[in-house]
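For reference, the structure is listed below as structure tokens.
Reckoned from all heavy atoms, side chains included, excluding hydrogens, waters and symmetry mates.
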Amino acid sequence: MSTPALRPFLPADAPLLAAIFVASIESLTGDDYGEAQQEAWAAAVDDEVEFGKRLASGLTLVATLEGAPVGFASLKGKDQVDLVYVHPEAVGQGVAAMLCDALEKLAAARGAKSLTVDASDNAAEFFAKRGYEAKQRNTVSLNGEWLANTTMQKSLGDNVGGLK
């Protein structure tokens, strides 16, 4: 099994990252969200140009395995995890952890004291294991459907990802 690597987002990545976004939602969220909710959520990338602009507007990292993109994560501002998505076939290979480690280090380097994420119900356990604490439950309307998520926050402290 190869080790995941990271690289910066390139505008040409948008269509492939949109496909990873949709595959992740379709395959990994069924225990927590109904089909109509999944479809409404996945529709957020129907306009690949706008999705590419969203990725370019923040700090977006792409995770690769053997050179092929398998996941991505983005930081909005200096202290908000905006997106973390991993292709279902790459789950369990350390991709999401590597992406989050990098975002946490970069946020700390930018002066952030904490990071906040609006975690989907299926991602909340992953973030909790990384030290994020639930702050509030949210219900958001997306393309005519209501979806729940949890705002979670992690203090970056003095020793983020080995940084002193």
*Taking all heavy atoms of Asp79 and all of Ala112, pick out the closest pair and write down the distance.*
CB-CB, 4.0 Å

_Are Phe51 and Leu142 linked, directly or through intermediate hydrophobic residues, by side-chain heavy-atom contacts shorter than 4.5 Å (ILVMFWY only)?_
yes

*Indicate yes or no for a side-chain donor-acceptor contact from Lys135 to the backbone of Gln153 under 3.5 Å, with no hydrogens or angles considered.*
no

*Look at the side-chain heavy atoms of Ile, Leu, Val, Met, Phe, Trp and Tyr, link any pair under 4.5 Å apart, and say whether Val95 and Tyr132 land in one connected group.*
yes

*Considering all heavy atoms of both residues, which atom of Ala102 and which atom of Leu61 are nearest to each other, and what is their separation?*
CB-CD1, 3.5 Å

_Nearest 0.5 Å, please: how far is OG1 in Thr150 from CZ in Arg137?_
4.0 Å

*Could you walk me through whether Lys129 and Glu125 pass salt bridge (charged side-chain N to carboxylate O under 4.0 Å, His left out), step by step?*
CA-CA 6 Å; Lys129 287 179 180 177; Glu125 183 179 344; 3.3 Å; yes

*Of the non-hydrogen atoms in Ile20 and Pro69, which two are nearest, and what is the gap between them?*
CD1-O, 3.7 Å

*Leu83 reachable from Leu6 in the ILVMFWY side-chain graph, under 4.5 Å edges*: no

_Less than 4.5 Å apart, side chain to side chain, heavy atoms only: is that true for Glu104 and Leu156?_
yes

*Verify, without hydrogens or angle tests, whether Tyr33 (side chain) and Glu39 (backbone) share a donor-acceptor contact under 3.5 angstrom.*
no

*Treat each ILVMFWY residue as a node, draw an edge where side-chain heavy atoms are under 4.5 Å apart, and state whether Leu59 and Leu115 are in one component.*
yes

*Nearest heavy-atom neighbours spanning Lys78 and Arg110*: CD-O, 3.6 Å

*Say you draw a straight line from CG of Asp32 to CD of Gln37; how long is it, rounded to the nearest 0.5 Å?*
9.5 Å

*Is any side-chain heavy atom of Phe126 closer than 4.5 Å to a side-chain heavy atom of Cys100?*
yes

*Gln136 and Asn138: side-chain donor and acceptor closer than 3.5 Å?*
yes

_Donor-acceptor under 3.5 Å (Glu50 side chain, Asp46 main chain)_ = no

*Rounded to the nearest 0.5 Å, how far apart are CG of Asp13 and CZ of Arg7?*
4.0 Å

*Phe72 vs Tyr85 aromatic rings, parallel, tilted or perpendicular, using cut-offs 30° and 60°?*
parallel

*What distance separates Lys154 NZ from Thr116 OG1, expressed to the nearest 0.5 Å?*
12.5 Å

*Work out which heavy atom in Pro88 is nearest to a heavy atom in Ser24; give both atom names and the distance.*
CD-N, 4.0 Å

*Report yes or no: does Thr60 contribute a side-chain atom to a donor-acceptor pair with the main-chain N or O of Leu55 at less than 3.5 Å?*
yes

*To the nearest 0.5 Å, what is the distance between CZ (Arg54) and CG (Leu17)?*
12.5 Å

*When clusters are formed by joining ILVMFWY residues with side-chain heavy atoms under 4.5 Å apart, either directly or through shared neighbours, do Val45 and Val84 land in the same one?*
no

*Taking all heavy atoms of Val81 and all of Leu103, pick out the closest pair and write down the distance.*
CG1-CD1, 4.2 Å

_If I take atom OG1 from residue Thr29 and atom CD from residue Glu35, how far apart are they, to the nearest 0.5 angstrom?_
10.5 Å

*asked:* I'd like to know if the side chain of Asn149 pairs up with that of Ser120 as donor and acceptor (distance under 3.5 Å, no hydrogens or angles considered).
replied: no

